[in-house]
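What follows is one structure encoded as structure tokens, with my remarks underneath.
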Amino acid sequence: MAKEKIDFSDEKVREAYRHTTSHILAQAVKRLYPEAQLGIGPAIEDGFYYDFDLSHRFTDQDLMKLQKEIKKIIQANYPIEVFELPRDEAIKYMEDLHEDYKVELINDLPEGETISFYKQGEFVDLCKGPHMESTGKIKAVKLQSVAGAYWRGSEKNKMLQRIYGTSFPTQQELDEYLKKLEEAKKRDHRKIGKEMDLFALFEEGPGFPFFLPRGMILRNELENFWREEHKKRGYDEIKTPLILNEELWHTSGHWDHYQDNMYFTEIDEGDYAVKPMNCPGALLTYKRKMWSYRDMPIKMAELGLVHRHELSGALHGLMRVRSFTQDDGHIFMLPEQTTDEVKKVIELVDYIYKIFGFEYHIELSTMPEKAMGTREEWDKAELDLKAAIEELKLPYIINEGDGAFYGPKLDFHLKDSLGRTWQCGTIQLDFQMPQRFDLTYIGSDGEKHRPVMIHRAIFGSLERFIGILTEHFAGKFPLWLAPTQVKILTVAEAFNEYATDLAEKFSDEGFRVETDLRNEKIGYKIREARNARDSYIIVIGEKEEQSGIIPIKSNKHGDMGEMPVNEFMEKIKEEVRTKAL
RNA sequence: GCUGGCGUGGCUCAACGGUAGAGCAGCUGAUUUGUAAUCAGCAGGUUGGGGGUUCGAUUCCCUCCGCCAGCUCCA
């Protein structure tokens, strides 16, 4: 029999392959734990999962046993056959098997349709397919982990046990994938942040990150860059207080819609709240005086520190914290300016992300359950956002019901080292706050009118953005961001004076330079400088002192040969100026 | 918050019912060195907090806190 090749680059094939693997896992579980009830078991981006309701808790050893059983099922090479039943019979069939979750799923399917099942050996599962033609088609399987997951994704439902796994057409591809995962873990910003001494989290403040001196260098560079770009585009920077009275949060709607995530405090027997968002401060800033239609759009930028009570289990390094600085911006404008202004922000996001070499995807998030305002207002806002993004011809996906409580939004998502995506940039359209705060401007007709408002962030939060940056570059930041740009090492103490003078030269030219004059072997100093991910390493000995020519080692490009000091300085000046990657 | 796992000196880990041990980092001294770890010595821990079982707990149990994975949520 000719061995047919599985085309794993085809997403459909990959999905069928992983989906079939998940059925095999379910079959193995049913063999070892017949009392287990089946949830759902789809293919996901890099593998698959299957949910089970079972009082026995799966352990790592259980996963090994299941893996063995999976092997048996593959070796048996059961043909996978599809058959259909009318809805009533399908329900009865699953009831007889005591598959309560499957019964619930069928009940939710439209009436009048026949229900398809897939059968392999003794195992049958409700499924719309497609699948591989037999279990023997699956070659390399790895069960990776077990975790809890709510039935149908709702915390109101029972928590099931979810087994994650992946599969590939060859053992080699599986091994490569697992190796890639291991490599990715080395880029984890929590690990690199510790190694490079950039930031820290302590038990004394779960979710409240500390920025250390070297991390502050990076952060300040980002902020400087951000300020420059916003000034160019007509934003005025403001700073609003962390704590404002409770009344304000009633007006803004946060008290009704966001209370669970807020911290409260008391001052002189008055009730106050710590801001979870910057917008009310910006709104007060707007309201301090009268505006004319000629002033529009008014763009206020704020690096605003906000505090949000996130669930303890959701905290994750710098990616999800309880206090963070949003690179916020609030744009007040005439209704007819909306699409244009949204487009400008999208272009700014794209411009800035490209500087870091990020790829991203955009989501349009629509009206949530807990929302202010009417359906009509939301429809209008959603249409405005759509118009902007479609005029720019950018691809996007729709994230139903995930908007902010005051308006729909366009979200920009970036990937971390393990491929998990994090929302960073956001553009939110808001018809609600201007009403609630009774914002007005005087139109050309001399009458008062209501402005429209955009809330937007580019980085999203400095913290999350720095986390993503760290993983993206594995700590080897572009020169303009690197905490240590030049590290000068001496071969022996005799050259310390020359090295110190050289360092001063770099420092005078505005570079972040450090020397290592310790009485250590050169190999040891190089090793430390490399581990610290210093951008450029220069070794100074007799030859260098005599010639004025220095050998350059880059953390990104390796050994770069020798060049005169001035030439090297010009080169890296240019590298900083262009923000080269 | 939920499910499961984990918590030993600054870091990475060992010991596992008989009152903790290594490497790295740190400090001191020697070495003055040419491209990823020079040698020696010293110091550092009431084993996350509290409670219980036991003659005895880092080890077993309970509880709280924190961390990790996932769910939920979100910048």
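Please read all numbers here as calculations on a predicted model, not as lab measurements. Labels below follow one simple rule: chain letters A, B, ... track the order of the sequence lines, proteins then strands, and each chain is numbered from 1.
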**Report entry** P atoms of B:rA40 and B:rU53, separation to the nearest Å
**Finding:** 49 Å
Requested in this report: Flag this pair as yes if the NZ/CZ of A:Arg219 is under 6.0 angstrom from the six-membered ring centre of A:Phe211 and inside a 45 degree cone about the axis; otherwise no.
Outcome: yes
Report task. Remember a base hit wins even if backbone is also touched, and classify A:Phe459 as base, sugar-phosphate or nothing at under 4.0 Å, heavy atoms. Result -> nothing
Query - Check: A:Arg162 side chain, B:rC71 base, donor-acceptor under 3.5 Å - result: no
Query raised in the report: So, A:Thr490 versus A:Lys525: side-chain donor-acceptor pair below 3.5 Å or not?
Result: yes
Requested in this report: Using the C1' atom as the reference point in each nucleotide, state the distance between B:rG45 and B:rG21 in Å, no decimals.
Outcome: 11 Å
Query - B:rA75 phosphate, OP1 or OP2, under 4.0 Å from A:Lys409 side-chain N/O - result: yes
**Report entry** Minimum-distance nucleotide (side-chain atoms of A:Pro551 versus B:rU35, B:rC74, B:rA37)
**Finding:** B:rU35
Query - Rounded P spacing from B:rA20 to B:rU72 in Å - result: 47 Å
Requested in this report: Quickly work out the A:Ile163 CD1 to B:rU3 C1' distance and round it to whole Å.
Outcome: 13 Å
Report summary line: From the candidates B:rC68, B:rU3, B:rC73, the one with an atom nearest any side-chain atom of A:Arg190 is B:rC68
Report task. Between B:rG1, B:rU35, B:rA75, spot the one nearest the side chain of A:Arg308, thanks. Result -> B:rA75
Query raised in the report: Considering only the P atoms, how many Å lie between B:rG5 and B:rC74, rounded to the nearest integer?
Result: 28 Å
Report summary line: pair_partner(B:rG23), Watson-Crick or wobble, both distances < 3.5 Å, evaluates to B:rC11
Query raised in the report: Start at the 5' end of RNA chain B and walk down; is the nucleotide closest to A:Val491 or to A:Gln326 reached first?
Result: A:Val491
Query raised in the report: Do you see a donor-acceptor pair shorter than 3.5 Å between the side chains of A:Tyr536 and A:Asn555?
Result: no
Report task. Specify the separation, in whole Å, of atom CD of A:Glu203 and atom P of B:rG49. Result -> 10 Å
Query raised in the report: Are A:Lys191 and A:Glu195 close enough, and set up right, to give a salt bridge (charged side-chain N to carboxylate O under 4.0 Å, His left out), and what steps lead you there?
Result: CA-CA 6 Å; A:Lys191 184 172 148 62; A:Glu195 286 169 4; 3.0 Å; yes
Report task. Please give the nucleotide sitting opposite B:rG34 as a Watson-Crick or G-U wobble pair, both distances under 3.5 Å, or none. Result -> none
Query raised in the report: Has the side chain of A:Lys553 got a donor or acceptor atom sitting under 3.5 Å from an opposite partner on the base of B:rU35?
Result: yes
Query raised in the report: In whole angstroms, how far is the P atom of B:rA75 from the CG atom of A:Asp416?
Result: 17 Å
Query raised in the report: Does the side chain of A:Gln423 get closer than 4.0 angstrom to OP1 or OP2 of B:rC74 through an N or O atom?
Result: no
Requested in this report: From the options B:rA75, B:rA37, B:rU35, select the nucleotide whose nearest atom is closest to the side chain of A:Ile522.
Outcome: B:rU35
Query raised in the report: In whole Å, what separates the C1' atom of B:rC11 from that of B:rG49?
Result: 23 Å
Report task. Pick the C1' atom in B:rG4 and in B:rU8, then give their distance to the nearest Å. Result -> 23 Å
**Report entry** Residue A:Ser461, side-chain heavy atoms: nucleotide from B:rA75, B:rG4, B:rU38 that is nearest
**Finding:** B:rA75
Report task. Can you tell me, in whole Å, how much space there is between the P of B:rC71 and that of B:rG56? Result -> 46 Å
Query raised in the report: Just checking A:Ala314: base, sugar-phosphate only, or nothing, at a heavy-atom cut-off of under 4.0 Å?
Result: base
Query raised in the report: Between A:Met453 and A:Cys279, is any pair of side-chain heavy atoms under 4.5 Å apart?
Result: yes
Requested in this report: Compare the minimum distances between each of B:rC68, B:rU35, B:rC71 and the side chain of A:Ala149, then state the nucleotide with the smallest one.
Outcome: B:rC71
Requested in this report: Take atom P in B:rG52 and the same atom in B:rU58, then report the distance between them in whole Å.
Outcome: 14 Å
Query raised in the report: For B:rG1, does either OP1 or OP2 sit under 4.0 Å from a side-chain N or O belonging to A:Ser312?
Result: yes
Report task. Return yes if a side-chain donor-acceptor contact under 3.5 Å exists between A:Tyr524 and A:Glu528, otherwise no. Result -> yes
Query - Phosphate contact (B:rA69 OP1 or OP2) by A:Arg420 side-chain N/O below 4.0 Å - result: yes
Query - Check: A:Phe405 ring centre within less than 6.0 Å of A:His254 ring centre - result: yes
Query raised in the report: Counting just side-chain N and O atoms, does A:Arg530 come under 4.0 Å of either OP1 or OP2 of B:rA37?
Result: no
Query - Nucleotide nearest A:Tyr524 (side chain, heavy atoms from C-beta), chosen from B:rC73, B:rU38, B:rA69 - result: B:rU38
Query - Any A:Arg57 side-chain nitrogen or oxygen under 4.0 Å from OP1 or OP2 of B:rG4 - result: yes
Requested in this report: Hey, can you tell me if A:Tyr263 and A:Phe208 have their rings parallel, tilted or perpendicular (30° and 60° cut-offs)?
Outcome: tilted
Query - Counterpart base for B:rU28, defined by Watson-Crick or G-U wobble contacts under 3.5 Å - result: B:rA40
Query raised in the report: Across all strands, who's sitting opposite B:rA69 as a Watson-Crick or G-U wobble pair, both distances under 3.5 Å?
Result: B:rU3
Report task. To the nearest Å, give me how far apart NE2 (A:His316) and P (B:rC73) are. Result -> 18 Å
Query raised in the report: Watson-Crick or G-U wobble partner for B:rG18, using a 3.5 Å limit on both distances?
Result: B:rC55
**Report entry** Length of the CG-C1' vector between A:Leu315 and B:rC71, whole Å
**Finding:** 15 Å
Report task. Rounded off to whole Å, could you give me the CD-to-C1' distance for the A:Glu520 and B:rU35 pair? Result -> 15 Å
Query raised in the report: Taking atom types as they are modelled, is there a donor-acceptor pair under 3.5 Å from the base of B:rC74 to the side chain of A:Arg464?
Result: yes
Report summary line: From NZ of A:Lys194 across to P of B:rC67 the rounded distance in Å is 12 Å
Requested in this report: Determine whether any donor atom in the side chain of A:Tyr150 lies under 3.5 Å from an acceptor atom in the base of B:rG1, or the reverse, and answer yes or no.
Outcome: yes
Requested in this report: Could you check whether the rings of A:Tyr360 and A:Phe412 sit parallel, tilted or perpendicular, using 30° and 60° as the cut-offs?
Outcome: tilted
Report summary line: Out of B:rA75, B:rG70, B:rU35, minimum distance to the side chain of A:Val539 belongs to B:rU35
Requested in this report: To the nearest Å, give me how far apart CE (A:Met159) and C1' (B:rA69) are.
Outcome: 12 Å
Report task. Kindly say whether, by distance alone, the side chain of A:Gln161 makes a donor-acceptor pair under 3.5 Å with the base of B:rU3? Result -> no
Query raised in the report: Between the base of B:rG34 and the side chain of A:Glu544, is there a donor-acceptor distance below 3.5 Å?
Result: yes
